[in-house]
Chemist: 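One structure coming up, written as structure tokens, with questions to follow.
All heavy atoms count here, side chains included; hydrogens, waters and symmetry mates do not. Remember, it's 1-based here, ligands and their atoms both numbered in the order they're listed. The first residue of the sequence shown is numbered 1, and numbering continues consecutively from there. Source: prediction; values computed, not measured.
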Amino acid sequence: MTDGFDLLIRAARVIFPNEELPAAVGVHGGSVTAVMPVDHPATAARVLELDSSVVLMPGLVDSHVHICEPGNTEWEGFATATLAASAGGITTLVDMPLDSVPSTVTVAALDLKREVARGRCYVDVGFWGGVIPGNIRELAPLRRCGVLGFKCFLADSGSDDFPQVSALEMEQALGVLRDLGAPLLVHAEDAESAASMPAVHGRHYADYLASRPRGIENLAVCQVIEAARRSGGRAHLVHLSSSDALPMIASARRDGVALTAETCPHYLVLAAEEIADGATACKCSPPVREGANRELLWSGLRDGTLDFVVSDHSPATPDMKETASGDFGAAWGGISSLQLGLPLVWTAARRRGCSLSDVARWMSAGPAWLAGLRKKGRVAVGYDADFCVFAPDESFTVDQRDIRHRHTMTPYTGRELDGVVSATFLRGEPADGNAPRGHLLQPEASGA
Ligand SMILES: [Zn+2]
């Protein structure tokens, strides 16, 4: 005799947005249908008992992933990225519109991306569309066809078919997207300032850092704020690195500007002073800055100025990362870390007195909110039964042999981290890499 649940999880520790409590979570048809006292006598076809050595937390939502397929499948692909995600406790990815060929700037390109993704994803996947010069008429059709929002660059993106927009073009796009109810994600570095810096060569990280000073970011953040203010559109700052921008963001929000911001594990974990000569795995743009900057980003996260943390998994081949030369000027700018995000952030967060509820807000609920995924990011009735079972007190050493990305290079090899993902569930079923059951997501729904 069961109570209509397909799965019942009795857990000593369930992570809710503001607290951790024992609970029994009932799942039916892929959704959470009951959250009950842990000793509730309910039964189910399958029962999972979790002791206090692990927590049941919402599956992570990573809204900033470059999957690169089609076109650059030798960098990454839907199967490898989503396998790595499931191994890392992530149950939803949102794919960036560039680094694939074609970029997702037309409906035809979105259709092609869906075609190659269909049947190959081990977790759920949604798509951002791109804003480039001249495609403003594509935005409404792209939204109708299922993109969750849009991304643009204010500086060179590194992809020939994804040119940057001017501040004016960004503002025009924000106006259009306001009426479509979609956010605009902005890579905030100022093109002119970035282009005026002398080219960098060599193996010294300090030289690369000096070529991308905070001012390049600060200036672009100002442009985003004023464009959002004037247009009334919703702007989101991706991968914030400059802590100087935190008071500017807070000030804009006090004025009522619709602005959110994310940062990434590398800005919260790495520090410029500690990056070895030739360690091009650590190159990204905007760059990882000094340890003091890192601590200010943690303050911004704790006080809510920064909304959440996503990977900006931006993979490339070892050749592109110039592993042989270690030349920071020539190396591709992008860090691979998708599978490791949760232990990276948890290890650093617990040392700063933060809780697993904080981490779940930053890595599940926050990104789900940005992407408009109303059934993702929480353990709550009506939400998808997407879970990560996580052993927060176990530790492990990052070993390239365990990495499921297409390329295993990452800045974190050999690092000792706290927290082991022991299981991932997608809509109530184990996401263990045996079957590609991931859905392709549409706005404001989690099924497709
Ligand atoms: Zn990115």
Chemist: Pair up each side-chain donor or acceptor in residues 115-123 with any protein partner under 3.5 Å, not counting sequence neighbours, and list the distances.
Modeler:
from	atom 1	to	atom 2	distance (Å)
Arg120	NH1	Glu69	OE2	2.6

Chemist: For a side-chain contact (heavy atoms from CB on, under 4.5 Å) with Phe153, tell me which candidate from Leu98, Val186, Val165 qualifies.
Modeler: Leu98
Chemist: On the 0 to 90° scale, with breaks at 30° and 60°, tag the His239-His187 ring pair as parallel, tilted or perpendicular.
Modeler: perpendicular
Chemist: Mind checking what makes side-chain contact (heavy atoms from CB on, under 4.5 Å) contact with Ser314, not counting sequence neighbours?
Modeler: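 His66, Asp99, Asp312, Trp332.
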Chemist: Spell out the protein N/O/S atoms under 2.8 Å from the Zn ion (ligand 1) as residue plus atom name.
Modeler: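 Result, waters dropped: His64 NE2, His66 NE2, Asp312 OD1.
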Chemist: Thr305: which residues meet the side-chain hydrogen bond (donor to acceptor under 3.5 Å, both in side chains) condition with it, sequence neighbours left out?
Modeler: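 side-chain hydrogen bond (donor to acceptor under 3.5 Å, both in side chains) list for Thr305, sorted by chain: Asp303.
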Chemist: Taking the side chain as C-beta and beyond, is there a heavy-atom pair between His405 and Thr80 under 4.5 Å?
Modeler: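 They are not in contact (no side-chain heavy atoms under 4.5 Å apart), so the answer is no.
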